[in-house]
There are 2 protein chains.
Amino acid sequence: MKATIKDVARVAGVSPSTVSRALHGSDRISEPMRRRIQQIAREMDFHPNQMARSLVNRETRIIGIVFPDDAGMNLGNPFYPAVLQGLGHAASNERYQMLLITGSKEIPAAEAARAAMDSGYVSGLILLTAEDAPPLEANVPVVVIGHPTDADKRCYVDNNNVQAAYDAAKHLLENGHRSIGLLGFESKYVFTADRRRGVQQALQEAGLQLNHAWLFPAGACRTQAERLREVFAQPQRPTAVVCMDDLMAIELARTLRGFGLLVPQDVSLISFNNTELGRYHQPALTTIDVHPYQLGVKAMQLMLEILSGKTAPPAAIDVPFTLIPRDSVIKLNTGSKTHA
Amino acid sequence: MKATIKDVARVAGVSPSTVSRALHGSDRISEPMRRRIQQIAREMDFHPNQMARSLVNRETRIIGIVFPDDAGMNLGNPFYPAVLQGLGHAASNERYQMLLITGSKEIPAAEAARAAMDSGYVSGLILLTAEDAPPLEANVPVVVIGHPTDADKRCYVDNNNVQAAYDAAKHLLENGHRSIGLLGFESKYVFTADRRRGVQQALQEAGLQLNHAWLFPAGACRTQAERLREVFAQPQRPTAVVCMDDLMAIELARTLRGFGLLVPQDVSLISFNNTELGRYHQPALTTIDVHPYQLGVKAMQLMLEILSGKTAPPAAIDVPFTLIPRDSVIKLNTGSKTHA
DNA sequence: TGAACGTATGAAAACGTTTGCACAATTTCA
DNA sequence: TGAAATTGTGCAAACGTTTTCATACGTTCA
């Protein structure tokens, strides 16, 4: 049986209240007494029962982490794990715990999240997706990772995806590309919509338009191989493509090779997420690191600040991204005959 | 303020005990009363406070999931996410929650796990790694995913990695390969040691030996490029390699191409983990699916059975693997002049 | 020397449940 | 018809803390 505060009190010959005070710093208690009790508690291997503490404090020191329903988890890219690590480190520094909330076939994530709130498991909720129509009428603070549609009323942490894609496109333009495609656009994901907008902006500033025929969904290499082949068979084909993820870029590179097109000689590629695999790909991918670890850290820090009252609810944090130039983008000799 | 059981009791004109009984099925209570109370509870949106329940029941319905320290998470392969999904689904079916326990720079995972136990957060612990010298003197049940060294005293869920690697090697042998290398061996990981053993067994049965010069660590393509080059420059080079992960196989394929060797024409590759990327690789990878999702499901189920007393502590579960033949292994014409 | 005050401690209530026991009401049996 | 068994309900204790309030003791000051 684990020692309780009463056991410690009995051994120390004091009351439970005194023990409680001794262990939680702050309060009115004499220094020698504090030391003595802490010593005894240590010897008895006493650890306060958190359930009991939560009950009286009405605060669990547990943050619920809500995973998206559509199992974005098995994307096969290290985005979620990295975010999770960031969250975990920031939480454990403040001795907070994380409750994993995943949906299942029977119970969607939103419902599971609600249940966790209702039954008092969590003091806060962090949503790993901006898409899940997250509950706004929550009775605990909610922080979103990503860009919610009703951003103004919310707490969220995100990259500036418009800017990131703008920079990506700009990078291509500066390298002489004027025919730019986009791989991985999925209207249901706000971040891909944002990125599309960024690309569009950069093109417009250069007096160009985003060619809708060059807009491909995530699985295009598998599901729209024919369409891809046609697009890249034309004389006026994209000389560069912005890919939503390194893995997509790698897939695309292979698909293009099937068409007799090489990266970067024939087509330049810039992608997102700076994965290991992209770094060691041949050619090494020019990519944008969105710093998922930082996304996690910041989200947790924001949550903790809200809980401690340091920050008031509608608050947004922007995590800077980094464009990493490598070998998958080539400088086009200007005066090229290919154009949009 | 959320409604408590007392509020419900007051509205229903009964005692809290009666409400409690009405909501938890089983006990002695009349059917009409039960219905009436359940109805009222629903109307009042009452949800029992789990902290209070845990306190009296001494059971939190929370399972701690311990991540490895060395952030194996950012391996970039979907192994952990898939396991997590399996765990999550199995847990939520039984209305259990998962507490994510990750180590940090300051606090190693093992310590964090101990803290979670000590402070009564969790009713059980599932370790996502067999390596972290997990606490055996735990005061809650512990289930390990992987093969712990002191397996006989433990509860664990694992593939038979010896057998899996044996089958992989056998597959190569049956295709006429007699010169077989191994990529990704790390003595600190039990599963790679197991797999090495499996390969060795298969080779021995065929009257062959595992050539130690053909044993490469995980990062070999990056860190031992020269050694690789030498090995594959020799006339008696491996005609096939067993890789610990699809990603390694892909990396190796690329590295070999740099040496002028093609997969599968010059070197056959068989790997583990059946990733998307491997499936769409050119050539499609022959790989072994270890069914990480199932690993998660089984681990959680085992935990739940132990908690309910249905299963007694030392219990092992073997999750079957699947060898998926694709295009990265080629049949060698027998009578080949290359041999070990 | 006594009043006023600060300081260290304890007693007890509270947090929201569950559950053993007692008890009343009803049914069953001889 | 009365005793015994069964059934449905309430009371109160318990789970392990924290915290408010009261109190006892030493100081300090007039």
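What you are looking at is a predicted structure, and each value in this text was computed from that prediction instead of being measured. Every chain is numbered from 1, with letters handed out A, B, ... down the list of sequences.
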Q: Between B/Met33 and A/Val56, name the one whose nearest nucleotide on DNA chain D is closer to the 5' end.
A: B/Met33
Q: Look at A/Lys153 together with A/Asp150 and state whether they make a salt bridge at an N to O cut-off of under 4.0 Å.
A: no
(Q) With a 3.5 Å distance limit and no angle check, can you tell me whether B/Arg61 reaches the backbone of B/Glu94 through a side-chain donor-acceptor pair? (A) yes
Q. B/Ser30 side chain: which of D/dG16, D/dT9, D/dG10 is closest?
A. D/dT9
Q) Hey, is the side chain of A/Ser17 pairing donor to acceptor with the base of C/dA11 inside 3.5 Å? A) yes
(Q) Less than 4.0 angstrom between a side-chain N/O of A/Thr4 and OP1 or OP2 of D/dG16, yes or no? (A) no
Q: Return the value, rounded to whole Å, for the distance between atom NZ of B/Lys6 and atom C1' of C/dC15.
A: 8 Å
Q.
Parallel, tilted or perpendicular, judged at 30° and 60°: which one describes the rings of B/Tyr293 and B/His89?
A. perpendicular
Q.
Expressed as a whole number of angstroms, how long is the span from A/Ile5:CD1 to D/dA14:P?
A. 18 Å
Q.
Rounding to an integer number of Å, can you tell me how far A/Leu55 CG sits from D/dT18 P?
A. 12 Å
Q.
Below the 4.0 Å mark, does D/dT17 have OP1 or OP2 next to a side-chain nitrogen or oxygen of A/Ser20?
A. no
Q | Atom-pair distance (CE on B/Met51; P on C/dT17), nearest Å | A | 12 Å
Q: In whole angstrom, give the distance that lies between atom CG of B/Asp118 and atom P of D/dG16.
A: 15 Å
Q: Return the value, rounded to whole Å, for the distance between atom CG of B/Asp7 and atom C1' of C/dC15.
A: 13 Å
Q) Counting only side-chain N and O atoms of B/Thr18, is one of them less than 4.0 Å from OP1 or OP2 of D/dG10? A) yes
Name each donor-acceptor pair under 3.5 Å that joins a side chain in residues 47-56 of chain A to protein atoms two or more places apart or in another chain, with its distance.
unit_1	atom_1	unit_2	atom_2	d
A/His47	NE2	A/Asp45	OD1	3.0
A/His47	NE2	B/Asp118	OD2	3.3
A/Asn49	OD1	A/Met51	N	2.6
A/Asn49	OD1	A/Ala52	N	3.0
A/Arg53	NH2	A/His24	NE2	3.1
A/Ser54	OG	A/Gln50	O	2.6

(Q) So for B/Arg34 and D/dG8, does any side-chain atom that can act as donor or acceptor lie under 3.5 Å from a complementary atom in the base? (A) no
Q: Figure out the CZ/P separation between A/Arg21 and C/dA12, and round it to whole Å.
A: 15 Å
Q. Could you give the NZ-to-C1' distance, from A/Lys2 to D/dC15, as a whole number of Å?
A. 13 Å
Q) Sub-3.5 Å donor-acceptor pair from the side chain of A/Thr102 to the main-chain atoms of B/Gln85, do we have one? A) no
Q. Between the base of D/dG16 and the side chain of B/Arg58, is there any donor-acceptor pair under 3.5 Å?
A. no
Q: May I ask you to evaluate whether A/Ser54 reaches the phosphate of C/dC15, defined as a side-chain N or O under 4.0 Å from OP1 or OP2?
A: no
(Q) Does D/dT19 have OP1 or OP2 under 4.0 Å away from a side-chain N or O of A/Asn57? (A) yes
